[in-house]
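By convention in this document, chain letters (A, B, ...) are assigned in the order of the sequence lines, proteins followed by strands, and residues within each chain are numbered from 1.
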Number of protein chains: 2
Amino acid sequence: MARPDKALQTLELLRAARLRATPQRRLLIELLRTRTHRPVSVEELHTLGTGKFDLTTAYRTLETLSALGLVRRIAIDHNRALFELAGEHHHHAICTSCGRIEDVSTCVSPSLDEKVRKSVRFSRINSHALEFFGVCTKCAVRV
Amino acid sequence: MARPDKALQTLELLRAARLRATPQRRLLIELLRTRTHRPVSVEELHTLGTGKFDLTTAYRTLETLSALGLVRRIAIDHNRALFELAGEHHHHAICTSCGRIEDVSTCVSPSLDEKVRKSVRFSRINSHALEFFGVCTKCAVRV
DNA sequence: TTCCACTTGCTAATGATTTGCATCTAAAAA
DNA sequence: TTTTTAGATGCAAATCATTAGCAAGTGGAA
């Protein structure tokens with residue numbers, strides 16, 4: 001039994017979210033799914049779209065999808081938003097020299113959320129984000 | 001032996017950084033030290049300064065201080081930068097309902113940085129940031 | 001007290017996001 | 001299939017935080 005192809009997966013994603021499967025949205029999600037393996041900026045996505053969707057549309061679609069939890073907005077770069085498709089829980093390692101971002105599967109102890117919830121007296125902790133800042137191998141060589 | 005007062009601490013901080021102790025900088029640091037206990041936006045600081053320093057000066061001073069590592073720029077809010085005086089290592093818990101930010105002293109296992117460094121093949125990891133997102137008690141009641 | 005590199009306060013750019021609006025179009029209904 | 005319309009898109013203009021440019025001040029070393 002063959003695995004459904006990427007395009008189908010995208011359609012299903014949109015259908016499940018009760019969003020219209022417009023060509024623009026399909027392409028944008030397709031790009032997030034196949035062309036990028038790291039958080040990308042709206043500008044980058046728009047460039048990858050080669051004129052098939054407007055920059056404004058990209059902003060709107062990403063906003064819609066992130067409100068639905070299908071896309072995550074990453075707050076690392078303080079002057080532009082980065083987005084990634086919400087997949088498996090993971091974190092990021094950022095090279096402070098070249099800006100490269102790597103996915104990190106290592107996570108904190110599962111009990112940490114609850115421990116923190118008690119210490120700050122929150123009603124609940126829904127998620128957490130963890131970023132590591134350092135220098136990647138390429139940049140270390142260059143310096 | 002009395003502990004040096006806040007103003008003196010601020011002077012020492014500026015002197016150690018080889019920066020001119022202008023009234024504007026002194027007040028801004030004083031505000032970070034005494035009036036705020038959470039990351040604040042430049043706008044907030046400027047308001048607290050009640051006209052004693054320009055918004056542009058605040059931006060420049062914060063930039064200078066963060067380049068020296070005396071102030072930390074927090075990337076949580078994706079549409080405005082937040083700053084805090086660099087003190088003890090800590091993290092943050094953010095209420096996604098009201099935006100309130102609490103300091104979190106709990107940290108990850110000390111060996112995590114090294115573990116991640118190896119997994120992403122970085123030359124080094126210099127720091128990490130950890131944010132918890134949830135709902136504070138007040139907001140939970142309101143909902 | 002003098003002098004000058006460092007600072008500050010304006011004002012005018014920038015640059016990323018948003019918003020308004022007329023025009024389309026996906027897809028539910030007939 | 002055709003009709004119908006709520007939801008989408010594209011373009012242009014408006015926002016808003018952050019930066020730059022510059023002339024006018026001023027810490028603080030000499």
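Between the CG atom of A:Leu11 and the P atom of C:dA26 there is a distance of 12 Å, given to the nearest Å. Regarding B:Lys52, its NZ atom lies at a distance of 19 Å from the C1' atom of C:dT7, rounded to whole Å. One can place CG of A:Leu45 at 15 Å from C1' of C:dT17, the figure rounded to the nearest angstrom. A:Asp54 has its CG atom 18 Å from the P atom of C:dA22, to the nearest Å. Separating the CZ atom of A:Arg18 from the C1' atom of D:dA6 is a distance of 15 Å, rounded to the nearest angstrom. Put simply, CG on B:Leu28 is 11 Å from P on C:dG9, counting in whole angstrom units. In this entry the distance linking CG of B:Asn79 with P of C:dG15 reads 19 Å, nearest Å. Distance CD (A:Glu43) to C1' (C:dT17): 12 Å, rounded to an integer number of Å.
Counting any heavy atom pair closer than 4.0 Å across all strands shown, B:Thr56 reaches a base atom.
Taking only side-chain nitrogens and oxygens, B:Gln24 comes nearer than 4.0 Å to OP1 or OP2 of C:dG9. Applying the 4.0 Å criterion to OP1 and OP2 of C:dT17, one finds that A:Tyr59 has a side-chain N or O inside that range. Contact annotation: A:Thr61 does not reach the phosphate of D:dA8 (side-chain N/O to OP1 or OP2, under 4.0 Å). A close approach under 4.0 Å does not occur between any side-chain nitrogen or oxygen of A:Thr57 and OP1 or OP2 of D:dA8. Proximity of B:Arg25 to the phosphate of C:dT7: a side-chain N or O atom is located under 4.0 Å from OP1 or OP2.
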Original post:
Does the pair A:Glu43 and A:Arg80 meet the rule for a salt bridge (Lys or Arg N to Asp or Glu O under 4.0 Å), with working shown?
Top reply: CA-CA 9 Å; A:Glu43 184 65 45; A:Arg80 55 173 54 197; over 6 Å; no

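With the nearest nucleotide of DNA chain C identified for both A:Ala21 and B:Gly51, B:Gly51 has the one nearer the 5' end. Heavy-atom nearest nucleotides on DNA chain D were determined for A:Leu55 and for B:Leu19, and the one closer to the 5' end corresponds to A:Leu55.
The side chain of A:Arg60 sits closest to C:dC21 out of C:dT17, C:dC21, C:dT18. Of all nucleotides listed (D:dT9, C:dA5, C:dA16), C:dA5 comes nearest to the side chain of B:Arg20.
For the pair B:Thr57 (side chain) and B:Phe53 (backbone), a donor-acceptor distance under 3.5 Å is absent.
Between the side chains of A:His90 and A:Glu84, at least one donor N or O lies within less than 3.5 Å of an accepting N or O.
Environment of CZ in B:Arg121: sparse, with no more than 12 heavy atoms of neighbouring residues, nucleotides or ligands closer than 6.0 Å. No more than 12 heavy atoms of other residues, nucleotides or ligands lie within 6.0 Å of CZ in A:Arg35, so this atom counts as exposed by the packing criterion.
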